[in-house]
K.L.:
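Take this structure first; my questions come after.
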Amino acid sequence: MSDKMPKQHNDDAMDEMLPEYDFSGGVRGKHYRAFQRGYKVIIHKTDGTTEERDYALPEGAVMLDPDVRAYFPDGETVNTALRGLINLIPHERAPSEVS
């Protein structure tokens with residue numbers, strides 16, 4: 001065989017997580033609420049300087065939980081469903097209306 005032949009990888013071995021990547025003590029959703037409020041990224045450059053970037057959801061943006069997102073994959077489906085719910089909400093009569 002030639003040295004230029006690509007090495008064959010065992011797919012099963014590639015799927016195994018290395019012991020140093022142990023997430024057994026991790027907590028799902030630990031930073032979820034903080035992420036919704038926004039977050040800061042600090043970039044450390046090779047020249048020794050740093051750059052800070054602030055990120056936040058745009059005003060009016062809503063983050064859907066994964067189980068909800070499975071049913072509502074885009075904004076159009078979410079808005080359609082919410083408009084349907086709005087129609088079910090009883091509206092109070094205006095004070096000038098008489099029964």
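Predicted model, so just to flag it, every value in this text is computed and none were measured.
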K.L.:
With sequence neighbours excluded, give me every salt bridge (charged side-chain N to carboxylate O under 4.0 Å, His left out) pair touching residues 49-62.
P.N.:
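Those involving residues 49-62 are Lys40-Glu52, Lys40-Asp54, Lys45-Glu51, Glu51-Arg53.
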K.L.:
Can you check whether Ser24's main-chain N or O pairs, donor with acceptor, with Asp22's side chain at less than 3.5 Å?
P.N.:
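Here the side-chain-to-backbone pair exists.
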K.L.:
Identify each donor-acceptor pair in which a side-chain atom of residues 78-90 lies under 3.5 Å from a protein atom, sequence neighbours left out, and give them as a table.
P.N.:
from	atom 1	to	atom 2	distance (Å)
Asn79	ND2	Gly75	O	3.1
Thr80	OG1	Glu76	O	2.9
Asn87	ND2	Arg83	O	3.3

K.L.:
Provide the full list of ring-ring contact (aromatic ring centres under 6.0 Å, His included) pairs with a residue in residues 38-86, sequence neighbours left out, each pair given once.
P.N.:
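Every ring-ring contact (aromatic ring centres under 6.0 Å, His included) pair that includes a residue of residues 38-86, provided the two are not neighbours, is Phe35-Tyr39, Tyr39-Tyr55.
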K.L.:
Donor-acceptor pair, Asp74 side chain versus Thr77 backbone, under 3.5 Å?
P.N.:
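Yes: the side chain of Asp74 pairs with the backbone of Thr77.
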